[in-house]
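First listed ligand is number 1; within each ligand, the first listed atom is number 1.
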Amino acid sequence: MTEPRWRVIAPGRVNLIGEHIDYNGLPVLPMALDRAVRIDFATLDEPVVRLTSTAPGCELTEFRLDRPVVRALQGDWSNYVRAAAWGLVENKGPLEACDRPLRGIEGQVDSNLPVASGLASSSALVVAGALALLKANDVEVAPLDLAALTAHAEQFTGVQGGGMDQAACLCGVVGHALRIDFDPLRATPVPMPDDWRWIVASSLARAEKSRGAMRAYNARTRECGEVLAQVVAALPSGGAPSRSYRALTGAISVDELLDRAARAVGPRLLPRFRHVVTERRRVEEAQRAMAEARIDEFGALMVQSHKSLRDNYEVSTPALDEIVSIALDAGAAGARLTGAGFGGCAIVLCSRRTAPTVVEALMARFYAKRRKRRSLDDSPFGTVPPQEPIFEARASAGARVAAYPL
Ligand code: NG1
């Protein structure tokens, strides 16, 4: 293996509020994490990607950039790097138009970001792969443009995801959450009050979006499209805004929308619609609460969000519900599942003063009994020490490439 010359660092993200609405074009409020996917790499004169990974079970992957990029088997880790290459080299990407032969990369992927946990490890790998390939070819792409490109590219893996994760990964700012808007993509830093503490707590169940959870996730995106069409079709003719959630929620109040939807939509899809339009309102309110450091209000909105994800969107699990309830009992300001759900993690908001008590309560009432039943090694916290199924998240900087530290 050639000695690495560069290190790319691409953070995961934790979403604070605004769940399952990015793919509906509605704003969300995540922050970039202080845990990241890293690729240490050297550039190659041949158009080849050759990468190993330190994660268990991840074999060496190698593919060429001068032939159509093909998907590896479903669930194979290299699909995320292939997605990055596909987005840059094909599909009218910035490397497709390169007038000189493409250069490749050789290196090793490493990560301290739990995988399959709703913390955007997949997008961090796509972004890391894209930044490495761009660096190797001396091409620069502005962070927001690259976020849009990698969001589209990640669909190569089969998930019909939104654009929150890649934007959070690329635009993160230390000490700030990010309000992310779509069409066009924008990222606005929102300062984090000094006293707020964020705890990520794993439910110890993997949320495998490259496997089982993909079908459930893609079903939600499809249902949101269907119910939107039904609501728009039922609006009085002439008064219908364009067919988007943003236009609809901008033109008609949430209460009126819910009223109309109740008359036009059946019982299967109505709760999905209810989640989407109320979550949009919660994001606006939460952003204001954060700007004015009103922790209890932000926390209450998180709890409402969790209930809606549990009851209307049906993406929670008993373990996630239990974490939320233990955290609230122990004095947290708010708690909710984060990311797609179907397992993964919860995010808990505490003040500096209450954080230690909340962590203690979760260790005693959630993790201790499970530690007896089975090893925490089974947790999704791959390379993170198993005694750490819970950690404090700090709002961090976005993805970057640096000289390899010698
Ligand atoms: P996670 O849980 O990190 O896989 C997914 C989507 C997001 C967003 C959330 C739910 C991808 C790459 N990520 O995140 O776009 O829709 O679920 O809010 O599809």
Side-chain angles (χ1 to χ4, degrees), residues 10-33 35-37 75 79-80 83-84 87 111 113-130 147-170 178 180-182 185 187 200 202-203 205-225 245 272 275-276 279-280 282-283 302 305-306 308-309 312-317 320 336-347 380 393:
R13 64 96 187 96
V14 60
N15 192 16
L16 308 180
I17 197 158
E19 216 63 85
H20 281 282
I21 59 171
D22 61 341
Y23 49 79
N24 291 314
L26 295 176
V28 292
L29 197 69
M31 67 185 194
L33 279 175
R35 288 169 186 252
V37 169
N79 279 333
Y80 299 105
S111 168
L113 183 61
V115 297
S117 292
L119 301 176
S121 59
S122 62
S123 302
L125 183 51
V126 176
V127 167
L149 185 150
T150 47
H152 180 67
E154 193 165 337
Q155 300 204 348
F156 175 87
T157 64
V159 178
Q160 285 144 25
M164 159 168 65
D165 301 354
Q166 303 79 3
C169 174
L170 279 152
L178 295 171
I180 298 180
D181 287 274
F182 301 93
L185 188 61
V200 173
S202 168
S203 70
R206 295 171 72 96
E208 290 278 15
K209 281 230 302 11
S210 60
R211 298 174 200 264
M214 187 197 291
R215 203 171 320 116
Y217 181 92
N218 287 347
R220 300 296 184 287
T221 67
R222 202 174 46 246
E223 287 166 354
C224 287
Y245 277 100
R272 304 288 194 253
H275 171 73
V276 173
E279 187 77 350
R280 193 234 155 110
R282 285 188 285 273
V283 170
M302 290 174 72
S305 169
H306 182 78
S308 179
L309 289 160
N312 293 319
Y313 224 67
E314 299 177 286
V315 292
S316 190
T317 63
L320 286 165
R336 53 184 289 279
L337 71 83
T338 188
F342 318 109
C345 292
I347 176 78

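Donor-acceptor pairing under 3.5 Å is lacking for the side chains of Arg282 and Ser305.
Residue contacts with ligand 1: Gly18 is placed with no nitrogen or oxygen under 3.5 Å of a nitrogen or oxygen of the ligand (distance criterion only). Checking only distances, Tyr217 does come within under 3.5 Å of ligand 1, N or O to N or O. Residue Gly162 has at least one N or O atom closer than 3.5 Å to an N or O atom of ligand 1.
Those atoms of ligand 1 with a heavy atom of Ser123 less than 4.0 angstrom away are 12 (C). Close approach to Asp22 involves these atoms of ligand 1, each under 4.0 Å from a residue heavy atom: 7 (C), 8 (C), 15 (O), 16 (O). For ligand 1, the atoms sitting less than 4.0 Å from at least one non-hydrogen atom of Met164 are 8 (C), 9 (C), 18 (O), numbered in the order shown with element in parentheses. Within ligand 1, counting atoms from 1 as listed, the ones closer than 4.0 Å to a heavy atom of Val159 are 19 (O). If you number the atoms of ligand 1 from 1 as listed, the ones under 4.0 Å from a heavy atom of Glu19 come out as 10 (C), 18 (O). The distance from ligand 1 to the heavy atoms of Gly339 drops below 4.0 Å at these ligand atoms: 2 (O), 10 (C). Less than 4.0 angstrom separates some heavy atom of Tyr23 from each of these atoms of ligand 1: 16 (O). Heavy-atom contacts of Arg13 reach the following atoms of ligand 1: 1 (P), 2 (O), 3 (O), 14 (O) (cutoff under 4.0 Å).
Taking 4.5 Å as the limit, every side-chain heavy atom of Tyr217 sits out of range of all side-chain heavy atoms of Val315. Contact check for Asn15 versus Ile347: no side-chain heavy atoms found under the 4.5 Å cut-off.
Between Glu19 and the choices His306, His275, Arg336, the side chain to side chain donor-acceptor pair (under 3.5 Å) rule is met once, by Arg336.
Glu314 and Arg220 are not joined by a salt bridge, as no carboxylate oxygen comes within less than 4.0 angstrom of a charged side-chain nitrogen.
Look at Gln160 and you'll find every heavy atom at least 4.0 Å from all atoms of ligand 1.
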What verdict does the side chain to side chain contact (heavy atoms under 4.5 Å, CB included) test give for Met214 and Thr157, after you've listed the backbone C-alpha separation in whole Å, the side-chain angles of each residue and the deciding distance to 0.1 Å? CA-CA 10 Å; Met214 187 197 291; Thr157 64; 5.5 Å; no

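Partners of Ala167 by side-chain contact (heavy atoms from CB on, under 4.5 Å), not counting sequence neighbours, listed by chain and number: Ala147, Ile180, Leu185.
Between His20 and Phe342, the ring planes are perpendicular. Angles over 60° get that label, and only those under 30° would be called parallel.
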